[in-house]
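Note: hydrogens, waters and symmetry copies are ignored here, and every other heavy atom, side chains too, is used. Order of the sequence lines fixes the chain letters, A, B, ..., with proteins taken first and strands second; residue numbering starts at 1 for each chain.
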There are 2 protein chains.
Amino acid sequence: MTSPHEQNGQCVPDVFDAECSARHALELISGKWSVLILTALAEAPRRNGALLRRIGGISQKMLTQTLKDLERNGLVERHDLRTVPLHVEYRLSALGSSLSATLIALDRWAERNFPELDAARARHDAARLGPVAQTDS
Amino acid sequence: MTSPHEQNGQCVPDVFDAECSARHALELISGKWSVLILTALAEAPRRNGALLRRIGGISQKMLTQTLKDLERNGLVERHDLRTVPLHVEYRLSALGSSLSATLIALDRWAERNFPELDAARARHDAARLGPVAQTDS
DNA sequence: CAGGATCCTGGGGGATACTG
DNA sequence: CAGTATCCCCCAGGATCCTG
């Protein structure tokens, strides 16, 4: 069939198309933990424990799970120095590296603009709770 | 207290800090639907129905819900032409516009590199399922 | 140290029907 | 047309315990 996106896997790349693989790619790289893990690995190759310490609020389970997913999709490489005690290091693949600048830009934007978001939210919420009497302080 | 990030709301901006507002900002702007909505609005101001049609796979519920969240945080502006039938238009705020380039870069990366992800995934899965004897169909 | 296996809960998110 | 309200399911993800 000559459908617009050839639903079998090949499609005109479009993140707006729910069936296109590009959408899955986008959801992977913009995932809650993916962004942080990829950014942390962009700073430097890291071990499991180091990642756990670097990324506040992540659980061992989600770290392992997300790392596996990223590795499966070729964004992260797992290097197992077969020693005892175990020593495993994660690093970005070339593909992963090609993404890091954009992800870091995203982080930077959040770090530079969150006060604006906070302020907007405060204003919005204040307006909803008390649309009247805003004459002082 | 002079804790490193002043857990009351003011902190040294760090997305890796689970308590920092920058983290919340990051999670908002990297949300599954947020990215697509913001990108769609970066293309042009749009109405509810237009967004629904533009963004494949989104439900009315998630669209409304995410739009409200984005508006609350000052990234999107809602313009209600008080007509009947109802006519509401959404557009990026200045703050939202300052983010669009990065989000579009993210989309573009996904659209340009998803074949690499697909290939890596295929390789990875093939290796796991049958590391042996892959000579025929 | 890296990470598998299990159990369990909250809420993300779909479907459907209704309203101004 | 642009939403709101309800019901309900499913799974992301935490807590805990166990292994190589």
Side-chain angles (χ1 to χ4, degrees), chain A residues 16-19 23-24 26-38 40-41 44-73 76-91 124 128, chain B residues 16-19 23-24 26-38 40-41 44-73 76-91 124-125 128-129:
Chain A
F16 289 109
D17 182 345
E19 310 306 319
R23 171 71 78 83
H24 298 122
L26 179 61
E27 288 177 1
L28 175 65
I29 65 180
S30 72
K32 177 180 178 181
W33 298 120
S34 305
V35 176
L36 292 170
I37 292 178
L38 291 173
L41 292 179
R46 284 192 152 96
R47 307 179 49 182
N48 186 332
L51 285 169
L52 272 181
R53 268 172 272 114
R54 180 76 180 118
I55 304 173
I58 198 171
S59 65
Q60 172 67 57
K61 180 183 177 182
M62 288 318 295
L63 177 59
T64 304
Q65 189 172 305
T66 310
L67 275 172
K68 278 166 101 171
D69 205 17
L70 293 173
E71 191 205 354
R72 189 165 98 102
N73 286 271
V76 163
E77 287 166 5
R78 196 188 112 111
H79 291 273
D80 188 340
L81 296 296
R82 311 255 321 182
T83 68
V84 46
L86 245 47
H87 183 116
V88 178
E89 191 172 84
Y90 295 95
R91 61 185 59 185
H124 185 94
R128 271 198 51 85
Chain B
F16 289 108
D17 182 344
E19 310 306 320
R23 171 71 79 84
H24 298 120
L26 180 62
E27 289 176 1
L28 175 65
I29 66 179
S30 72
K32 178 180 178 181
W33 298 120
S34 305
V35 176
L36 292 170
I37 292 178
L38 291 172
L41 292 179
R46 283 190 153 96
R47 307 178 50 181
N48 186 334
L51 285 169
L52 231 33
R53 268 172 271 115
R54 179 75 180 120
I55 304 173
I58 200 171
S59 65
Q60 172 67 58
K61 179 183 177 183
M62 287 317 296
L63 177 59
T64 304
Q65 188 171 304
T66 309
L67 276 173
K68 277 166 102 171
D69 205 17
L70 293 172
E71 190 205 354
R72 188 166 97 102
N73 286 271
V76 163
E77 288 166 2
R78 195 187 112 113
H79 291 274
D80 188 341
L81 297 293
R82 312 255 319 181
T83 67
V84 45
L86 245 48
H87 182 116
V88 177
E89 190 172 82
Y90 294 95
R91 60 184 62 185
H124 185 94
D125 293 358
R128 271 199 50 84
L129 290 176

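- Remark: B:Arg78 pairs with B:Asp80 by the side-chain hydrogen bond (donor to acceptor under 3.5 Å, both in side chains) rule, at least two apart or across chains.
- As rounded to whole Å, 11 Å separates atom P of D:dG13 from atom CG of A:Asp69.
- Here the nucleotide nearest the side chain of B:Asn48, chosen from D:dA2, C:dG13, C:dA2, is D:dA2.
- Rounded to an integer number of Å, the gap from B:Leu51 CG to D:dA2 C1' is 12 Å.
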Derivation and outcome, side chain to side chain contact (heavy atoms under 4.5 Å, CB included), residues B:Asn48 and B:Leu86:
CA-CA 11 Å; B:Asn48 186 334; B:Leu86 245 48; over 6 Å; no
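- Counting to the nearest Å, the C1' atom of C:dA15 and the CG atom of B:Leu63 are 16 Å from each other.
- Between B:Lys32 and B:Thr66 there is no side-chain heavy-atom pair separated by less than 4.5 Å.
- The side chain of A:Arg47 places no N or O atom within less than 4.0 Å of a non-bridging phosphate oxygen (OP1 or OP2) of C:dC1.
- Take the nearest nucleotide of DNA chain D for A:Leu86 and for A:Gly57: the residue whose nucleotide is more 5' is A:Gly57.
- Computed from coordinates, the B:Arg46 CZ to D:dA2 P distance equals 13 Å when rounded to whole Å.
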Which atoms of nucleotides 4-8 of chain C (N or O only) lie under 3.5 Å from a protein N or O atom, and what are those distances?
{"unit_1": "C:dG4", "atom_1": "OP2", "unit_2": "A:Lys68", "atom_2": "NZ", "d": "2.8"}

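- Each of D:dA2, D:dG3, D:dG20 was ranked by its minimum atom distance to the side chain of B:Tyr90; first place goes to D:dG3.
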Side-chain polar contacts of residues 52-63 of chain B - donor-acceptor pairs under 3.5 angstrom, sequence neighbours left out - could you list them?
{"unit_1": "B:Arg54", "atom_1": "NE", "unit_2": "B:Glu43", "atom_2": "OE1", "d": "3.0"}
{"unit_1": "B:Arg54", "atom_1": "NH2", "unit_2": "B:Glu43", "atom_2": "OE2", "d": "3.0"}
{"unit_1": "B:Ser59", "atom_1": "OG", "unit_2": "B:Met62", "atom_2": "N", "d": "3.2"}
{"unit_1": "B:Gln60", "atom_1": "NE2", "unit_2": "B:Thr64", "atom_2": "OG1", "d": "2.7"}

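- Protein atom CD1 of B:Ile55 is 14 Å distant from nucleotide atom P of C:dG13, rounded to whole Å.
- For the pair A:Leu28/A:Asp69, a side-chain contact is recorded, criterion being any heavy-atom separation below 4.5 Å from C-beta on.
- Across all non-hydrogen atoms, the minimal contact from A:Arg46 to A:Ala40 is NH1-O, 2.7 Å.
- For the OP1/OP2 pair of C:dG14 and a distance below 4.0 Å, the side-chain nitrogens and oxygens of B:Ser59 include at least one atom meeting the criterion.
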